[in-house]
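For reference, the structure is listed below as structure tokens.
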Amino acid sequence: HAEHLGELIAGRLGGTLVAPTIRVGCSAPHMTFAGTISLRPSTFEAVCRDYCESLAAHGFTRILLFSAHLGNCPILEQILPRLREAVSETCQVEAFHDSSAWLQTWRNSAATAGGNQEHVGGHADLAETSIMLVLRPDKVQLQNAEAGRIGMLTEDERRVMWREGIGGISANGILGDPRMATQAIGDRCLADIADLLVQAFTQRGER
């Protein structure tokens, strides 16, 4: 997912290379479900810092970070000032970390493509499942899909999620409803998120 978005963004920005994806992120709220692998925020920060320092050392003057796993967004926001301090003044580091804007874009995309935006909640939902129907349809088994917690999380539910894990608000770990996922919704989500990221990075580059 992140690699595909990276290629879309690079193609639209021009003169841009896609670095190797950091495959594991901060997924502490998912640890109640067997098989989850999660990095500590300090580990994630160290990896991001090493990436930035390495690229800056090779002469890159602008580094753009984003995460297809929204659980990394609050961590990216926290570490961004330190990542900027880690590189020379000739290198600009930017990170997109607005998970609310990302989710709202997905909701709008789903509605535009004929889906129910209330079925977009942020994890294994209508949007993510539709995206996987585009990227890895062989891995999607819609006959086994089931609904989870419907609608956007309240602030209280977000606090419960960070304290107790996603299992504290959704027994099956799903935030949304993937059962009506389609490739059309997935295509729209990918295109619109690419637009969101390109716009954000372009505006920051103009400042």
Side-chain angles (χ1 to χ4, degrees), residues 1-27 39 41 44-45 47-56 59-113 115 117 120-123 125-128 130-132 134-135 152-153 155 158 175-176 185-207:
H1 183 192
E3 289 172 359
H4 186 82
L5 284 173
E7 291 170 2
L8 289 178
I9 294 163
R12 297 183 191 190
L13 289 176
T16 305
L17 297 178
V18 181
T21 305
I22 299 172
R23 304 288 301 220
V24 182
C26 301
S27 299
L39 299 183
F44 182 70
E45 178 175 355
V47 173
C48 289
R49 175 171 176 155
D50 287 349
Y51 264 54
C52 291
E53 289 184 337
S54 297
L55 293 170
F60 285 86
T61 58
R62 193 158 187 246
I63 300 170
L64 309 176
L65 304 171
F66 72 92
S67 176
H69 167 51
L70 298 184
N72 287 333
C73 286
I75 312 300
L76 276 174
E77 182 176 16
Q78 293 169 15
I79 70 176
L80 181 56
R82 294 191 289 274
L83 296 180
R84 288 171 170 163
E85 292 175 357
V87 300
S88 68
E89 294 180 357
T90 60
C91 183
Q92 178 186 11
V93 179
E94 297 288 354
F96 184 90
H97 47 72
D98 190 346
S99 58
S100 295
W102 188 299
L103 279 174
Q104 189 56 55
T105 298
W106 266 357
R107 288 166 67 85
N108 295 341
S109 300
T112 299
Q117 67 176 8
V120 176
H123 184 247
D125 59 1
L126 179 66
E128 282 197 328
S130 294
I131 287 167
M132 292 311 297
V134 175
L135 302 180
M152 298 293 281
L153 298 182
E155 285 304 315
R158 288 180 186 277
L175 302 179
I185 294 173
D187 283 331
R188 186 74 267 159
C189 286
L190 288 165
D192 290 348
I193 289 296
D195 285 342
L196 174 71
L197 293 169
V198 168
Q199 181 180 25
F201 289 139
T202 300
Q203 289 175 343
R204 292 171 190 176
E206 293 172 348
R207 291 203 298 267

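Atoms considered below: every heavy atom in the structure, side chains included; atoms not considered: hydrogens, waters and symmetry mates. Positions are given from 1, in the same order as the sequence printed here. Predicted model, so just to flag it, every value in this text is computed and none were measured.
- Across all their heavy atoms, Gly122 and Leu103 have their closest contact at CA-CD2, 3.5 Å.
- Listed by chain and residue number, nothing satisfies the side chain to side chain donor-acceptor pair (under 3.5 Å) test with Asp50 (two or more places apart in sequence, or in another chain).
- Distance alone, capped at 3.5 Å, is enough to place a donor-acceptor pair between the Arg84 side chain and the Val93 backbone.
- In this structure, Asp98 CG and Leu196 CG are separated by 7.5 Å, a value rounded to the nearest 0.5 Å.
- With contacts defined as side-chain heavy-atom distances shorter than 4.5 Å, the pair Asp125/Leu175 does not qualify.
- Judged by distance alone, with hydrogens and angles left aside, the side-chain atoms of Arg107 form a donor-acceptor pair with the main-chain N or O of Gln117 at under 3.5 Å.
- When all heavy atoms of Met152 and Val120 are compared, the closest pair comes out as SD-O, 3.9 Å.
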With a 3.5 Å cut-off and sequence neighbours excluded, list the donor-acceptor pairs that the side chains of residues 10-19 form with protein atoms.
residue: Arg12; atom: NH1; partner: Asp195; partner atom: OD1; Å: 2.1
residue: Thr16; atom: OG1; partner: Gly14; partner atom: O; Å: 2.9

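- Atom CZ of residue Arg188 and atom OG of residue Ser130 lie 13.0 Å apart, to the nearest 0.5 angstrom.
- Closest approach of Ala56 and Ile63 over heavy atoms only: N-CD1, 4.4 Å.
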Subject >> Derivation and outcome, side-chain contact (heavy atoms from CB on, under 4.5 Å), residues Phe44 and Ile79 >> reply: CA-CA 9 Å; Phe44 182 70; Ile79 70 176; 4.3 Å; yes
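- A salt bridge links Glu53 to Arg49: one of the charged nitrogens lies within less than 4.0 Å of a carboxylate oxygen.
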**OP:** Begin from the C-alpha positions of Leu190 and Val134 and carry the test side-chain contact (heavy atoms from CB on, under 4.5 Å) through to its verdict.
**Re:** CA-CA 9 Å; Leu190 288 165; Val134 175; 4.0 Å; yes
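- With rounding to the nearest 0.5 angstrom, the SG atom of Cys52 is 5.0 Å from the CG atom of Leu83.
- Annotation: the span from Cys26 atom SG to Leu70 atom CG amounts to 13.0 Å, rounded to 0.5 Å.
- For the atom pair CD of Glu89 and OG1 of Thr61, the computed distance is 14.0 Å after rounding to the nearest 0.5 Å.
- You'll find the side chain of Trp106 stays beyond 4.5 Å of the side chain of Leu126, heavy atoms only.
- Among all heavy-atom pairs drawn from Glu77 and Pro81, the shortest one is O-CD, 3.7 Å.
- Closest approach of Cys48 to Ile22, counting heavy atoms only: SG-CD1, 4.0 Å.
- Atom CD1 of Ile193 sits about 10.0 Å away from atom CZ of Phe66, to the nearest 0.5 Å.
- Here the closest non-hydrogen pair linking Ala194 and Leu5 is N-CD2, 4.2 Å.
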Original post:
Run the side-chain contact (heavy atoms from CB on, under 4.5 Å) check on Trp102 and Leu197 step by step: do they pass?
Top reply: CA-CA 9 Å; Trp102 188 299; Leu197 293 169; 4.1 Å; yes
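- Judged purely by atom type and a 3.5 angstrom limit, Ser67 uses its side chain to pair as donor or acceptor with the backbone of His69.
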